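Small disclaimer: the values here were computed from a predicted structure and weren't measured. In listed order, ligands and their atoms are each counted from 1. All values below were derived from every heavy atom in this structure, side-chain atoms included, with hydrogens, water molecules and symmetry-related copies excluded.
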Amino acid sequence: MSVDYVDYHVHALGHKGGQYSEELLIPYIHRARGQGIRELGFADHDEYIAGIDEASIASLKTRFTDLNVKLGLEVSYRPGREEEIKAAARRFPFDFLIGSVHDLDSWMFDHPDYRFGYSSWDIAELYRKYYSVLEKLALCGLFDIVGHLDVIKVFGYQPEGDLLPFAEPALQAISRAGLVVEANTAGLHKPCAEIYPSKELLARCFELNIPVTLGSDAHIESEVGRDFAYARELLYQIGYRRLTTFVQRRRGSILL
Ligand SMILES: [Zn+2]
Ligand SMILES: [Zn+2]
């Protein structure tokens with residue numbers, strides 16, 4: 001059986017910045033085609049929003065009709081940024097917005113350079129803090145997709161015992177808000193060596209009727225669609241049968 005994937009989390013500007021051009025984006029499209037991807041969603045960090053070029057995206061949509069090119073944005077959510085985020089969402093006709101938590105009180109906890117910050121935290125307290133911000137992200141109503149839901153585990157710091165109770169209030173909020181969660185395969189290549197969110201959390205998402213989509217969090221073209229066969233199998237085992245898609249922030253789905 002042939003499988004159609006979507007990759008809704010691709011950084012063409014990575015952490016370098018610069019500008020979208022067809023020349024920059026086309027290698028990602030070629031890579032996506034080779035990976036069985038039907039929809040490719042560019043979703044750069046909102047700090048590089050000035051580098052997005054709508055004309056390049058529009059041109060690629062007409063040049064590559066066998067693959068749906070989508071324009072998204074990965075927004076760093078922080079409580080208090082809501083107005084700024086609304087303004088960013090209006091700048092381009094985005095197909096979807098991913099909301100992600102990358103920092104807590106200006107500590108970039110997912111960045112290797114600031115890893116030392118974990119030593120000053122009680123890890124259980126840190127998880128409560130992270131998930132309280134994620135709950136606010138869900139409740140703010142500005143996003144379509146929750147990015148790398150349990151990224152607080154990135155460097156392998158985890159409290160003892162069951163992790164589900166830490167995430168449960170945020171998962172409830174995500175479910176009530178009707179948000180989609182991405183299965184993000186980048187975690188498999190981080191020190192935590194696990195998909196975001198974990199199998200346990202994905203299973204809870206399924207119980208709470210939270211739809212899923214798929215993202216590689218590629219920062220270079222060779223990472224597009226990475227480990228999607230694994231992710232698909234995992235989602236299928238859990239019970240998922242569809243992946244959510246977006247056009248102009250309206251939702252559709254394809255068979256998983
Ligand atoms: Zn991110
Ligand atoms: Zn990302």
So which pairs with a foot in residues 211-227 pass salt bridge (charged side-chain N to carboxylate O under 4.0 Å, His left out), sequence neighbours left out?
E223-R226

Identify whether NZ of Lys or CZ of Arg in R115 sits under 6.0 Å from the centre of the six-membered ring of Y118 and within 45° of that ring's axis.
no

Restricting to side chain to side chain contact (heavy atoms under 4.5 Å, CB included), what partner residues turn up for E23, sequence neighbours left out?
S21

Polar side-chain atom of Y48 near backbone of H15 as donor-acceptor pair, under 3.5 Å
yes

Protein-derived N, O or S atoms sitting under 2.8 Å away from the Zn ion (ligand 2) total 4

Write down the atom of S175, the atom of L208, and the distance for their closest heavy-atom approach.
OG-O, 2.8 Å

All pairs passing salt bridge (charged side-chain N to carboxylate O under 4.0 Å, His left out) where residues 242-256 contributes a residue, at least two apart:
D144-R249

